[in-house]
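Below you'll find the structure, written out as structure tokens, and then a few comments.
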Amino acid sequence: MAIQKPSIPKGTRDFSPQEVVKRNFIFDTIKAVFRKYGYQEIQTPTMENLDTLTGKYGEEGDQLIFKILNSGDYLSKLSPEQLQTTTSKVLTPKISEKALRYDLTVPFARYVVMHQNDINLPFKRFQIQPVWRADRPQKGRYREFYQCDADVVGSESLLNEAEFVLIYQEALSKLGLKDFTIKINNRKILSGIAEIIGKPELIVDMTVAIDKLDKIGLDSVVKELLEKGFRESDIEKLKPIIELSGSNEAKIQSLKSVLASSTIGLKGIAELEQIFTYIQKLQTPNSKFPTLNCELDITLARGLNYYTGAIFEVKCNEVAMGSIGGGGRYDDLTGMFGLKDLTGVGISFGADRIYDVMEELQLFPENAGESTRVLIGNFDETAESYALPLLSALRQNGIAAELYPTAAKLKKQLSYADAKKIPYVILIGSEEMESGLLSLKNMQSGEQQKLDISTIIQLLNS
RNA sequence: GUGGUUGUAGCUCAGUUGGUUAGAGCACUAGAUUGUGGUUCUAGGGGUCGUGGGUUCGAGCCCCAUCAUCCACCCCA
């Protein structure tokens, strides 16, 4: 076989030991916060049945699902007519019945329905696993990436929404991020706006357009709305709403008067007010995170069409990057799997984007690369057999230790320690073996002292 | 799906209007130093110039195709 240059699929990555240490720092930080708020971890399979996933993310989302080809001769059962078909929509379900998960929310809904007899409501779970999207990769966009989701089902309380805002605030602050905004909005308010304008059927086009406001500006948004079928008079009504500014309270007050005749709109506003009240009461006076960057943004829409109440999105203001988190309330996600009237709300952290942001801002702690604490140098067979019991002793005392596996040149062994950022090296020569006093070299200062093994253990453990 | 960018050593990239044997830094290996790394000096290995075709006396450079790549749009974490 010809030699082939190895490669990995586009949009996927290998993670080096240093990168994994940093990624785990992110995961561990987020996990600790989730647990503190009462969430328990679950895991679900990498692949789901294709029909579990299709139809949940809109037409565009369906195309981004990675499908898995059936095993065996997957074409043999097809009729000649079916093989002639050129539309993948017809053919795909025949040759593929499994797919890689697209997010963690839909598998969670499936999990809840399948295990409804075993779980206690309200059920608070978190989940940190990779998801896959057949998107075209670019900056901050991968085909395989990790989501960190927390969801609660079976609780209508808006306390959940308020707590999610605090979870975002606490986790991101602990990771070292300073300037970020937690945007919040409510689908019911968007419905109310569409209702007031008299175009409830165009709500999707409306939200997609105004969602781009901060990116393309008001004029372009107006242009897009006109193309989608809105009239000048509709836009005149819409303008004051999307241009709302000021404090969250001020925005709520103006929305109240604008949406006065829309029942659903007013309901959305009332929900938001309740969430803000909860947040205010939850914040301790001497909070470690004094400024809560939670902002009502009426232009926030979010693509996933299963949201029905509050919606969230987190944006980092220091680095040009897509949103680093998002979520919202969905009233009927489990309904499609046969479990009616179960409401849920959840959020997601985009771990890979958070990683990219932290890397750009150099927010990772210094000691993140350290693994082995001490390396024992290896000179010859005699020294090696002398060193083995010491190696065990170090490990039994909880010290990560290695013996260089061959009697290589000392220069090479020290280079190894240096490259691996091992802070200490123990050198054992004939002199050391005679006296029992080992040379302990501090790799940072270059200093070397002769100590017995128990002193070394004590020193390395401090 | 649409538009653009870039493909030269393991990595990051130079390479003049087309001209003889394609370069640098980093990394790697060895030596200066027979028991002392991260700094320095010296030497060395490593290339079908993404792939295929075309123009030309002659192509890393020009033309066409193709694959890959990154960026932007759409959408999204």
Side-chain angles (χ1 to χ4, degrees), chain A residues 2-11 16 26 30 57-65 88 101-105 128-149 168 172 204 207-209 211-212 215-216 220 224 300-305 311-316 320-328 346-357 375 377-380 383 404 407-433 438-448:
Chain A
I3 295 167
Q4 52 170 329
K5 224 179 178 178
S7 63
I8 54 175
K10 65 175 160 187
S16 69
I26 295 177
I30 294 174
Y57 311 107
E59 204 166 317
E60 198 134 4
D62 281 357
Q63 290 172 352
L64 298 180
I65 295 171
S88 54
R101 72 169 99 78
Y102 178 90
D103 69 358
L104 300 177
T105 309
I128 296 182
Q129 289 188 277
V131 303
W132 292 267
R133 294 187 189 176
D135 216 346
R136 192 170 289 197
Q138 53 183 274
K139 191 180 179 190
R141 177 176 298 188
Y142 307 99
R143 289 185 141 181
E144 177 186 63
F145 62 97
Y146 278 70
Q147 286 194 326
C148 314
D149 274 34
Y168 269 137
L172 294 175
V204 174
T207 52
V208 167
D211 190 46
K212 297 176 195 159
K215 207 169 190 176
I216 60 176
S220 307
E224 186 168 332
L300 172 61
R302 293 193 60 74
L304 294 174
N305 53 13
I311 42 185
F312 307 104
E313 189 160 292
V314 185
K315 237 187 124 18
C316 176
M321 176 72 68
S323 63
I324 54 176
I347 55 166
S348 178
F349 287 85
D352 304 82
R353 285 187 178 175
I354 292 172
Y355 182 98
D356 291 347
V357 166
L375 176 78
N378 191 337
F379 296 120
D380 51 42
Y404 198 86
K409 279 188 181 150
L410 189 55
K411 176 186 164 82
K412 203 170 175 181
Q413 302 192 30
L414 287 170
S415 293
Y416 174 81
D418 195 48
K420 213 168 161 182
K421 293 195 167 58
I422 299 174
Y424 292 97
V425 174
I426 294 174
L427 301 171
I428 305 169
S430 50
E431 200 181 303
E432 283 86 352
M433 283 188 275
L438 315 175
S439 295
L440 180 72
K441 184 178 174 71
N442 180 325
M443 290 297 281
Q444 210 174 1
S445 63
E447 282 167 17
Q448 211 165 307

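So that the names make sense, note that chain A is the first sequence line, chain B the second, and so on, each numbered from 1.
Of the P atoms belonging to rU12(B) and rU21(B), the separation is 29 Å, rounded to the nearest Å. Between the P atoms of rU2(B) and rG47(B), the separation comes to 39 Å (whole Å). rG53(B) and rC75(B) have their P atoms separated by 43 Å, with the value rounded to a whole Å. Nucleotides rG18(B) and rU55(B) have their C1' atoms positioned 12 Å apart, rounded to a whole Å. For the P atoms, the distance from rC74(B) to rA9(B) is 35 Å, rounded to whole Å. Rounded to whole Å, the C1' atom of rU8(B) lies 15 Å from the corresponding atom of rA68(B). One C1' atom belongs to rG25(B), the other to rG15(B), and the distance between them is 15 Å to the nearest Å. Distance check on atom P: rA77(B) versus rC26(B) gives 44 Å, rounded to whole Å.
The shortest distance between the side-chain N/O atoms of Lys441(A) and the OP1/OP2 oxygens of rG35(B) is not below 4.0 Å. Residue Lys409(A) places at least one side-chain N or O closer than 4.0 Å to OP1 or OP2 of rG31(B).
Straight-line distance from the CD1 atom of Ile8(A) to the P atom of rA68(B): 15 Å, rounded to whole Å. Rounded to whole Å, the distance from CG on Leu64(A) to P on rG1(B) is 11 Å. Rounded to whole angstrom, the span from the CD atom of Glu144(A) across to the P atom of rA77(B) amounts to 17 Å. Summarising the geometry, the separation between NZ on Lys411(A) and P on rG31(B) is reported as 8 Å, rounded to the nearest angstrom. Computed from coordinates, the Gln138(A) CD to rU5(B) C1' distance equals 13 Å when rounded to whole Å. A straight line from OH of Tyr404(A) to C1' of rG35(B) spans 15 Å, rounded to a whole angstrom. Distance Gln63(A) CD to rU2(B) C1': 14 Å, rounded to the nearest Å. When the P atom of rU36(B) is taken as reference, atom CG of Leu427(A) falls 10 Å away, rounded to whole Å.
Annotation: of the two residues near RNA chain B, Gly11(A) and Asp211(A), the 5′-most nearest-nucleotide partner is Gly11(A). Map Tyr142(A) and Glu60(A) each onto its nearest nucleotide of RNA chain B; the residue landing nearer the 5' end is Glu60(A).
Contacts of Ser323(A) with the nucleic acid, taken as non-hydrogen atoms under 4.0 Å apart, involve only primed sugar atoms and P, OP1 or OP2. Residue Ser430(A) is in base contact, counting any heavy-atom pair closer than 4.0 Å across all strands shown. Gly322(A) comes within contact range of no nucleotide atom at all, as no heavy-atom separation falls under 4.0 Å. Heavy atoms of Val131(A) sit nowhere under 4.0 angstrom from any nucleic acid atom. At a threshold of 4.0 angstrom between heavy atoms, the contacts of Gly140(A) include nucleobase atoms, whether or not backbone atoms are also involved. Using a 4.0 Å heavy-atom criterion, one finds that Gly446(A) contacts the bases of the nucleic acid, with or without backbone contacts as well. Base contact: Leu410(A) has a heavy atom under 4.0 Å from a base atom.
One N or O on the side chain of Arg353(A) and one on the backbone of Gly140(A) form a donor-acceptor pair closer than 3.5 Å.
Taking CD1 from Ile422(A) and OH from Tyr416(A), the interatomic distance works out to 5.5 Å, rounded to the nearest 0.5 Å. Taken from CD1 in Ile128(A) to CD1 in Ile26(A), the straight-line distance is 10.5 Å, to the nearest 0.5 Å. Here CG of Leu375(A) is found 11.5 Å from CG of Asp418(A). Values are rounded to the nearest 0.5 Å. Rounding to the nearest 0.5 Å gives a distance of 3.5 Å between OH of Tyr142(A) and CG of Asp356(A). Considering CG of Asp352(A) and CD1 of Ile324(A), their distance stands at 12.5 Å, rounded to 0.5 Å. Expressed to the nearest 0.5 Å, how far CZ of Arg133(A) lies from CD1 of Ile65(A) amounts to 10.0 Å.
Residues Phe349(A) and Tyr168(A) place their aromatic rings such that the two centres sit under 6.0 Å apart.
Of the candidates rA77(B), rG37(B), rG35(B), the closest approach to any side-chain atom of Arg141(A) belongs to rA77(B). In the set rU36(B), rC76(B), rA72(B), the nucleotide with an atom closest to the side chain of Lys139(A) is rA72(B). The Lys212(A) side chain lies nearest to rC74(B) when the options are rC74(B), rU69(B), rA77(B).
The base of rU36(B) is paired with the side chain of Gln448(A) by a donor and an acceptor separated by under 3.5 Å. Arg353(A) contributes a side-chain N or O that forms a donor-acceptor pair with the base of rC76(B) under 3.5 Å. Judged by distance alone, with hydrogens and angles left aside, Asp418(A) brings no side-chain donor or acceptor close enough to the base of rG38(B) to form a pair under 3.5 Å. Taking 3.5 Å as the limit, the base of rU69(B) and the side chain of Arg136(A) contain no donor-acceptor pair of atoms between them.
Under the Watson-Crick or G-U wobble criterion, with both distances below 3.5 Å, rA14(B) is left unpaired in every strand shown. Summarising the base pairing, rA65(B) is matched to rU51(B) through a Watson-Crick or G-U wobble pair whose two defining distances lie under 3.5 Å.
In this pair, Phe145(A) lays its aromatic ring flat on the base of rA77(B), centres within 5.5 Å and planes under 30 degrees apart.
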